[in-house]
A.B. asks: 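Can you keep this structure in mind? I'll have questions shortly.
Note that these values count all heavy atoms, side chains included, but never hydrogens, waters or copies made by symmetry. All values derive from a computational prediction rather than experimental measurement. By convention in this document, chain letters (A, B, ...) are assigned in the order of the sequence lines, proteins followed by strands, and residues within each chain are numbered from 1.
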Amino acid sequence: MLEERPLTYDHRAIEPAWQARWEADGIYRADDADPRPKYYVLEMLPYPSGDLHVGHAKNYTLGDAVARMMRMRGNNVVHPMGWDAFGLPAENAAIQRGIDPDSWTRQNIDNMRRQIKLMGTGYDWTREFATCDPEYYKWNQWFFLRMYERGLAYKRETPVNWCPHDQTVLANEQVHDGRCWRCGHLVERRNLSQWNFKITDYADRLLAGIDRLDGWPERIKTMQRNWIGRSEGATFSFDIEGIGDARIEVFTTRVDTVFGVTFMAIAPEHPIVAKILAAIPPEKATVEAFAASLSSKSELERTQLMEKTGVPTGAFAINPLSGERVPIWVTNYVLAEYGTGAVMGVPAHDERDFEFAQKHGLPIRQVIVPGEGTGELVAGDLTEAYCDDGVLVNSAQFDGVESADARIAIIEELESRGRGKMTVNFRFRDWLISRQRYWGTPIPMLYCERDGMVPVPDDQLPVVLPRGVAFTGQGSPLANDAAFINTTCPKCKGPAKRDPDTMDTFVDSSWYFVRYLDPHDSTKAFDKAKASAWMPVDQYIGGAEHAVMHLLYARFFYMFMIDAGYITGDDEPFTRLFNQGTLLRGGEKMSKSRGNVVGIDETVETYGVDAMRLFLLKAAPPEDALEWTDEGIVGRVRFIQRVWRACEPLAAEAGRTPLDQLPACAGDAQRALVRALHLALKSAHDETSTRRFHYNVTTARLDELVNLLTAATRDEALAHDPAVLYAIHALPIALAPFAPHIADELWQRMGHATSVHIERMLDADPAALAVDEITVVIQVNGKVRGRVQAAPGVGEDDVFALALAESGVQQHTSGKTVRKKIFVPDKLLNIVVA
RNA sequence: GGGGAAGUGGCGAAACGGUAGACGCAGUCGCCUCAAAAGCGACCGAGUGUGAGCUCAUGUGGGUUCGAUUCCCACCUUCCCCACCA
């Protein structure tokens, strides 16, 4: 028997020691000059909220396994980590608890960095930065100025949530039931002049680029397409009766229904409202009261009202095609921000218009009928809008024309009269980046009494966020800070004021992945050659909650950078995207606010990092939601200990066994063992190559291997067999991407001076996977009736002969005629009888 | 309302056109032990049979196929995202 001694893998001693050693040796640093093929693995930039839980560990463990796997497959891997450090929580901490946002954030970063290292992750920490570092956000300001120069950053009046008591702008999440989160006063809408990035200029490119993103999940691409929301239609104008040259422009995708217009619906904010009321005053009071009742409500509330309401303005519009006179209504269901802010009301062919017309007794006229140009009206009394295409009726010269043709013909008619044209509208709007907050990147703009709006010159960047400002919760800390606001105009040297706003934190995360490639450059955002060499990100990993905004903004920014020539290559930054599933506990997403978190520190202390990592990889495919269970991780602790007991006593001996050739296998047990090893290797390679990352299957293969190893090492006759020693020697390599600590510890005990993590992953050898006897399944009429053993490559006739000797097969074939045989070599023979 | 994903043992899951349930968790039994824990071993979808086995079984109903968990259609259920975008 093997020597009896306490065989326990002591994670508390071993794991921290390896983490220290890796850091000291710098084995995860990426070298720009390394000639091997580059591979950029990136997990989405985390917000330093404070404490990590095992849900975060799920995300980082997968990224880490992928990075380690790619490194061991011979790539020059860059795998960086940093902090999305600006944002509202830090400012709330300042307001509520008087903590400086910078100190609060830095403390959180320190703790989270410690915890991420505790997970045994292999990041290149030399590339770390936080977006709240002036050395980083300086370049946010620099990019802003470059966009401004190109007309991609512009100012526009936009409504915001405004608390009249605290005299401050509120983020949507600070408004609860229409009231201020701090003081409970009713929130109003107020217009402020704010900065926007003209992302809509890139709408078509952002949309077209999606088609090339073969490595992205289909659902994310669909969400982006829907968010961009391209729709083709016509924009044309109606005259307003009695008001000189005033016209109302409408946008519609169904210009074929234009003869069915029975009213005009406009948003209360539409500028024409004031003109109408000035010229035709009788309904002034009603309309203004209606507009006022909506003005305080956010778009969200208005749309959640669901019930469509409105009031007539007393004015009439003239249908440019029919010459018909229709009333103009102000309604809550037309959005000022989309299209032209005015809609032609066609109740017969639009659900919303139908609902509105029914409620307000407006006429409903059908002009599209289903079918092949019959011209027959289905009925005068529609019970719902008919929204499909069909054939036009009641439409003058367009009667009998198919909808699709009619749309083209009518647009041409309108165009010939100078009344309208074909247009494309997008659902998404320009990216509003101004935030009336402190903890963000100051917008590098000045307002001079003499020179007007003046950009901050590049040599005066960064505009540094002042420290020690007052956080009262009232007003904006920056706007209130006279020392910050008051400055000198770079043109006239006269007095000027700074823009009091900061940028949306999505700006920070829109280009950080390029900064990692040249993180300490103080002269530029990044070096063109370095960035162009490393980009694009080969594998991006993160949650689906960023499916739209972050990923769209980052794509936009990257296209801008390519266009500006800051970087060369394809204009899509993320070749492959992997969406991790969430971690659940008690059926709910693990989160601080739900109070169901399991901490990293406790888990690592109790069970060990490797056990935690293996559980997170093993329990489910990575894209699925995964339920955390304490029993599950105990099972992985058992696995770790089984590995230790099987391998550690034989480590030195196994370390002398060559790995560059397959061992001689004296018997079935040896062959099975070597085969199990190579099946595990094959799974690891396959899951990595296909980018499925279903390492839950790979870990199952490792379980099978370790089960065989356990049996073999307990058998005195087998324990020192070359095949057994070979498998033991290879196990740390196979285990390294998933359980990096025990892997390196065993590797060292096998006599290796360098880390297992810089070893080459072993290839799966087809010779080791081969078997000398296979089982062929015999089916009769598609049902399994027997199995026969044969040598691989056995022919159909031989299998058939063997099959007929099986009693189960005979039962179902005797007295019947064999009509057909389907033979799948080495797998199956299906005998079809009748 | 629109879009997307998914329904397999007591549980997490595997197989994704070819032996359904690998592997793990929970459970049952055995060995070891004074005993327990740990460890090791066996069993572990349902029904039926002494047994070899047979029958049923991957949400429901159809279809394609020699053969379907896998592909197609419809329905049911659950989850996620977007929700008055003219």
Side-chain angles (χ1 to χ4, degrees), chain A residues 7-8 217-223 225-227 229-231 233 250-255 257 265 299-300 302-308 331-335 337-346 349-353 355-356 425-429 544-545 547-548 579 581-582 587 589 614-615 618-621 623-636 638-639 641-642 645 679 694 696-707 710-711 714 775-787 807-808 811 819-824 827-833:
Chain A
L7 292 176
T8 307
E218 211 50 51
R219 59 186 219 102
I220 303 294
K221 293 197 278 187
T222 304
M223 283 166 77
R225 287 192 189 100
N226 291 345
W227 183 267
R230 183 179 198 274
S231 61
V250 297
F251 171 73
T252 178
T253 53
R254 291 300 303 274
V255 73
T257 66
E299 191 174 290
L300 193 76
R302 279 199 218 185
T303 57
Q304 277 177 352
L305 287 177
M306 291 310 283
E307 200 170 351
K308 292 171 182 52
T331 73
N332 66 335
Y333 78 93
V334 175
L335 304 172
E337 297 279 320
Y338 183 76
T340 61
V343 171
M344 61 178 204
V346 186
H349 304 294
D350 183 280
E351 280 175 39
R352 295 151 302 183
D353 296 346
E355 191 186 329
F356 187 78
N425 257 289
F426 292 96
R427 212 181 110 91
F428 83 149
R429 302 165 197 176
E545 66 273 20
V548 177
N579 278 126
T582 50
K589 183 176 176 173
L614 286 170
F615 171 72
K618 158 122 193 149
E623 68 274 22
D624 285 4
L626 158 61
E627 176 77 23
W628 176 267
T629 63
D630 288 333
E631 293 78 16
I633 193 169
V634 168
R636 293 299 87 192
R638 277 199 282 267
F639 170 79
Q641 297 299 351
R642 279 158 72 82
R645 279 193 300 271
L679 282 172
H694 283 197
N696 53 320
V697 180
T698 307
T699 50
R701 297 287 96 86
L702 288 166
D703 275 338
E704 285 168 323
L705 170 61
V706 171
N707 288 345
T710 297
R714 288 168 59 82
T775 304
V776 178
V777 173
I778 309 301
Q779 293 183 339
V780 178
N781 288 346
K783 298 215 170 201
V784 179
R785 299 299 179 188
R787 298 172 175 84
S807 65
Q811 260 179 43
R819 304 185 64 107
K820 198 175 177 183
K821 285 179 283 186
I822 287 108
F823 182 62
V824 182
K827 268 193 176 167
L828 168 136
L829 177 70
N830 187 11
I831 304 165
V832 183
V833 296

A.B. asks: Heavy atoms only, 4.0 Å cut-off, all strands: where does A:Gly339 land among base, sugar-phosphate and nothing?
C.D. replies: nothing
A.B. asks: Report yes if at least one side-chain N or O of A:Arg787 is closer than 4.0 Å to OP1 or OP2 of B:G18; otherwise report no.
C.D. replies: no
A.B. asks: Within the 4.5 Å heavy-atom criterion, are A:Lys308 and A:Thr331 side-chain neighbours or not?
C.D. replies: no
A.B. asks: So, for A:Val780 and A:Val833, which heavy atoms are closest and what is the spacing to 0.1 Å?
C.D. replies: CG1-CG2, 3.9 Å
A.B. asks: Which atom pairs link the protein and nucleotides 78-82 of chain B when you take only N or O atoms and keep those under 3.5 Å?
C.D. replies:
residue, atom, partner, partner atom, Å
B:C82, O3', A:Arg427, NH2, 3.4
B:C82, O2', A:Arg427, NH2, 3.1

A.B. asks: Hey, does A:Thr629 reach any base, or is it just sugar-phosphate, or nothing, if we go heavy atoms under 4.0 Å?
C.D. replies: nothing
A.B. asks: Would you say the side chain of A:Leu829 lies within less than 4.5 Å of the side chain of A:Lys821, judging by non-hydrogen atoms?
C.D. replies: yes
A.B. asks: If you measure from the P atom in B:G21 to the same atom in B:U58, how many Å do you get, rounded?
C.D. replies: 14 Å
A.B. asks: Rounded to whole Å, how long is the line connecting atom NZ of A:Lys827 with atom C1' of B:A15?
C.D. replies: 10 Å
A.B. asks: Of the candidate nucleotides B:A86, B:U19, B:G3, which contains the atom at the shortest distance from the side chain of A:Thr775?
C.D. replies: B:U19
A.B. asks: Between CG of A:Asn781 and CG of A:Asn830, what distance do you get to the nearest 0.5 Å?
C.D. replies: 7.0 Å
A.B. asks: Supply the atom-to-atom distance A:Asn579 CG to A:Arg219 CZ, rounded to the nearest 0.5 angstrom.
C.D. replies: 6.0 Å
A.B. asks: Provide the distance between the two P atoms, one in B:A13 and one in B:C66, to the nearest whole Å.
C.D. replies: 35 Å
A.B. asks: Using distance alone, with no hydrogens and no angle criterion, decide if A:Arg427 and A:Asn226 have a side-chain donor and acceptor under 3.5 Å apart.
C.D. replies: no
A.B. asks: Between C1' on B:C25 and CG on A:Asp630, what's the gap in Å once rounded to a whole number?
C.D. replies: 12 Å
A.B. asks: Expressed as a whole number of angstroms, how long is the span from A:Glu631:CD to B:A13:P?
C.D. replies: 15 Å
A.B. asks: Just the dot-bracket of RNA chain B, please: which string comes out with Watson-Crick or G-U pairs under 3.5 Å, [ ] for crossing, | for another strand?
C.D. replies: (((((((..(((.....[....))).(((((.......))))).((((....))))..(((((..]....))))))))))))....
A.B. asks: Distance check, P atoms only: B:A14 and B:G7, in whole angstrom units.
C.D. replies: 9 Å
A.B. asks: Starting from C1' on B:A14, measure out to CG on A:Asp624 and report it in whole angstrom.
C.D. replies: 12 Å
A.B. asks: With P as the reference atom in both, quote the distance from B:C43 to B:U50 in angstrom, rounded to an integer.
C.D. replies: 22 Å
A.B. asks: Might you point out which heavy atoms bring A:Leu702 and A:Phe639 nearest each other, and give the distance in Å?
C.D. replies: O-CE1, 3.9 Å
A.B. asks: Taking only nitrogen or oxygen atoms into account, show me every contact under 3.5 Å that the protein makes with nucleotides 21-23 of chain B, one pair per line with its distance.
C.D. replies:
residue, atom, partner, partner atom, Å
B:A22, O2', A:Glu704, OE2, 2.7
B:A22, N3, A:Arg701, NH2, 3.3
B:C23, O2', A:Lys618, NZ, 2.5
B:C23, O2', A:Asp703, OD2, 2.5

A.B. asks: So, taking the atom named CZ in A:Phe426 and the one named OH in A:Tyr338, what distance separates them when rounded to the nearest 0.5 Å?
C.D. replies: 9.0 Å
A.B. asks: Grab the two heavy atoms, one from A:Gly345 and one from A:Asp353, that are nearest each other, plus how far apart they are.
C.D. replies: CA-OD2, 3.5 Å
A.B. asks: Which heavy atom of A:Ala620 sits nearest to which heavy atom of A:Ala625, and what is that distance?
C.D. replies: CB-O, 4.4 Å
A.B. asks: I'd like a table of atom pairs between the protein and nucleotides 53-56 of chain B - only N or O on both sides, under 3.5 Å - with the distance next to each one.
C.D. replies:
residue, atom, partner, partner atom, Å
B:U55, OP1, A:Arg785, NH1, 3.4
B:U55, OP2, A:Arg785, NH1, 3.3
B:C56, OP2, A:Lys783, NZ, 3.4

A.B. asks: So, is A:Arg645 near the phosphate of B:C40, with a side-chain N or O under 4.0 Å from OP1 or OP2?
C.D. replies: yes
A.B. asks: Just label B:G59 as syn or anti from its O4'-C1'-N9-C4 or O4'-C1'-N1-C2 angle, using within 90° of 0 for syn.
C.D. replies: anti
A.B. asks: Please list, chain by chain and in numerical order, all residues satisfying salt bridge (charged side-chain N to carboxylate O under 4.0 Å, His left out) with A:Glu631, sequence neighbours excluded.
C.D. replies: none
A.B. asks: B:A86 phosphate, OP1 or OP2: any side-chain N/O from A:Ser231 under 4.0 angstrom?
C.D. replies: yes
A.B. asks: Students often mix this up, so state it plainly: with edges at 30° and 60°, are the rings of A:Tyr333 and A:Phe356 parallel, tilted or perpendicular?
C.D. replies: tilted
A.B. asks: Side chains of A:Lys618 and A:Asp703: closer than 4.5 Å at any heavy-atom pair?
C.D. replies: yes
A.B. asks: Nearest to the side chain of A:Pro621, which nucleotide is it out of B:A13, B:G41, B:A26?
C.D. replies: B:A13
A.B. asks: Tabulate atom names and distances for all N/O pairs under 3.5 angstrom spanning the protein and nucleotides 64-68 of chain B.
C.D. replies:
residue, atom, partner, partner atom, Å
B:C66, OP1, A:Lys820, NZ, 3.3
B:C66, O2', A:Asn830, ND2, 3.4
B:C66, O2, A:Asn830, ND2, 2.3

A.B. asks: Just verifying a value: how many Å separate A:Thr222 OG1 and A:Ile220 CD1, rounded to the nearest 0.5 Å?
C.D. replies: 9.0 Å
A.B. asks: Using the P atom on both, measure B:U69 against B:C80 and round to a whole Å.
C.D. replies: 30 Å
A.B. asks: Are more than 12 heavy atoms, taken from residues, nucleotides or ligands other than A:Arg225, located less than 6.0 Å from that residue's CZ atom?
C.D. replies: yes
A.B. asks: Taking CD from A:Glu627 and P from B:G10, how many angstroms apart are they, rounded to a whole number?
C.D. replies: 18 Å
A.B. asks: Taking only the side-chain heavy atoms of A:Thr222 (C-beta and beyond), determine which of B:G18, B:A86, B:G4 contains the nearest atom.
C.D. replies: B:G4
A.B. asks: Is any side-chain N or O of A:Arg714 closer than 4.0 Å to OP1 or OP2 of B:G41?
C.D. replies: no
A.B. asks: Rounding to an integer number of angstrom, what distance separates B:C71 and B:G18 when you compare their C1' atoms?
C.D. replies: 15 Å
A.B. asks: Mind calculating the distance between CZ (A:Phe639) and P (B:C25) to the nearest angstrom?
C.D. replies: 11 Å
A.B. asks: From NE2 of A:His694 over to C1' of B:G12, roughly how many Å is that when rounded to an integer?
C.D. replies: 14 Å
A.B. asks: Shortest non-hydrogen contact from A:Ala619 to A:Leu626?
C.D. replies: CB-CD1, 3.1 Å
A.B. asks: Write down the distance separating the C1' atoms in B:A35 and B:G51, rounded off to the nearest Å.
C.D. replies: 40 Å
A.B. asks: Between A:Gln641 and A:Thr8, is there a side-chain heavy-atom distance shorter than 4.5 Å?
C.D. replies: yes
A.B. asks: Check whether any side-chain heavy atom of A:Thr257 sits under 4.5 Å from a side-chain heavy atom of A:Met344, and report yes or no.
C.D. replies: yes
A.B. asks: When you measure from the side-chain N and O atoms of A:Arg638 to the phosphate of B:A38, is any distance below 4.0 Å, counting only OP1 and OP2?
C.D. replies: no
A.B. asks: Want to settle it: does A:Gly632 or A:Asn425 sit nearer the 5' end of RNA chain B, counting the closest nucleotide to each?
C.D. replies: A:Gly632
A.B. asks: Output the rounded distance in Å from CD (A:Glu218) to P (B:A5).
C.D. replies: 8 Å
